[in-house]
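Chain identifiers are assigned alphabetically (A, B, ...) following the order of the sequence lines, protein sequences preceding nucleic acid strands; residue numbering begins at 1 within each chain.
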Protein chains: 2
Amino acid sequence: MLSNSCRYGIRAIIYLASLPQTKGKTGIKQIAKDLELPTPFLAKILQQLAKQKILNSTKGPHGGFSLLKDSKNITLLDIVKTIDGEEIFTNCIIHNETCSSVDRSKKSCPVHDDFSRVRTDLIKLFRNKTIYDLVRTAKSEEIFI
Amino acid sequence: MLSNSCRYGIRAIIYLASLPQTKGKTGIKQIAKDLELPTPFLAKILQQLAKQKILNSTKGPHGGFSLLKDSKNITLLDIVKTIDGEEIFTNCIIHNETCSSVDRSKKSCPVHDDFSRVRTDLIKLFRNKTIYDLVRTAKSEEIFI
DNA sequence: AGAAAAAAATATTCTTATATCTTTTTTATG
DNA sequence: CATAAAAAAGATATAAGAATATTTTTTTCT
Ligand code: FES
Ligand code: FES
């Protein structure tokens, strides 16, 4: 459903947001090690997120990554859009094209009506869920980032 | 969300089910042409479905494919399982692993509670939707297979 | 039996996602 | 200023999915 890149990015952001406020930058090696992700691959992903002004990155000694935006203002949708794009939310479930609810000039497919309902719920979830929410959840329960 | 293979398979089955009862076998070239899909690639997919006893295939002159099961007894889930497997229904949304609701020994991820609800609806849709339903929908409206 | 039609099986190519490696740029610090 | 630390950028490798091409087997029809 989501690409590896996207899932890694989401986890890295949750990880960064869950660190104590006092902590400044965190190096890519540290992040990759704690989340058990391939270091150079994760670096590429964080670079994309930095370009989108979601993360802050600084080079040089003591450099690393930190959140640029307030975790209350980062939604799952923001991250997915940055990394995978929004095709998963706009494409038809059985055709290689835009769903008729996005492009009104298109005919619907036979699964459209039922699927749109589920997809709407999915979009709501991604749009409304902030990183802040997720960190709070993770801290309140026995949760695995 | 679904692979090309899987979507092609679903469309081919809807197509076969929508043909008049009187029609016997339909050749792969005909199917691929009408659905505008790559012929040899579609052949591979239909072979898989034939192995799963969803389709019937016969070689030789006038050979081709037809439904083996009654369209009321083929669900979307049957096709997805055959072609993509059920990982999309059992994997965690942000980890490369089984979701905690499938493997109870695992900890949940922070998105789990909300995501499971949506996923449950999705599974219900795939499990309950038969090819017969889809063909009926397609015939009642201006629909694109 | 022999020829032709059609799917099955096999092998090969193409593309993209995933992952790694190397070099360059930036920056803090002695 | 020189050095080292760290990310950025670019190039390369690997694997999987997607697609095509080729050969083999099966079946029908003459
Ligand atoms: S047209 Fe197929 S899901 Fe909307
Ligand atoms: S554990 Fe992540 S979705 Fe269930």
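Rounded to an integer number of Å, the gap from CD1 of A:Ile45 to P of D:dA7 is 15 Å. Atom CG in A:Leu49 sits roughly 11 Å away from atom P in D:dA8 (whole-Å rounding). The nearest whole Å value for the distance from the CD atom in B:Gln47 to the C1' atom in D:dT26 is 13 Å. At whole-Å resolution of the value, CG in A:Asn56 and P in D:dA8 are 10 Å apart. One atom, CD of B:Gln48, and another, P of D:dA18, lie 11 Å apart when rounded to the nearest Å. Spacing between atom CD1 of B:Ile28 and atom P of C:dA5 amounts to 18 Å, rounded to whole angstrom units. Between the P atom of D:dG17 and the CD1 atom of B:Ile88 lies a distance of 14 Å, rounded to the nearest Å.
Aromatic ring pairs are classed by plane angle as parallel below 30°, tilted from 30° to 60° and perpendicular above 60°; the pair A:Tyr8 and A:Phe41 is perpendicular.
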### Message
For nucleotides 18-30 of chain C, give me one character per nucleotide, 5' to 3': B if any protein heavy atom sits under 4.0 Å from the base, S if the only such contacts are to the sugar-phosphate, - if neither.
### Response
SBB----BBBBS-

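Counted within 6.0 Å of CD on A:Glu36, heavy atoms from surrounding residues, nucleotides or ligands total 12 or fewer; the atom is thus considered open. Within 6.0 Å of the NZ atom in B:Lys53, the count of heavy atoms belonging to other residues, nucleotides or ligands does not exceed 12.
Each of A:Thr130, A:Leu67, A:Ile14 was compared with A:Ile74 under the side-chain contact (heavy atoms from CB on, under 4.5 Å) criterion, and only A:Leu67 meets it.
When the nucleotides D:dA8, C:dA9, C:dA8 are ranked by their closest atom to the side chain of A:Phe65, D:dA8 comes out on top. Side chain of B:Lys29, nearest nucleotide from C:dA9, C:dA6, D:dA7: C:dA6.
Taking a cutoff of 4.0 Å between a charged side-chain nitrogen and a carboxylate oxygen, B:Lys81 and B:Asp78 do not qualify as a salt bridge.
Of the possible polar contacts, one joining the A:Arg119 side chain to the A:Asn91 backbone as a donor-acceptor pair under 3.5 Å is found.
Not one side-chain nitrogen or oxygen of A:Ser57 sits closer than 4.0 Å to the OP1 or OP2 atom of D:dA6.
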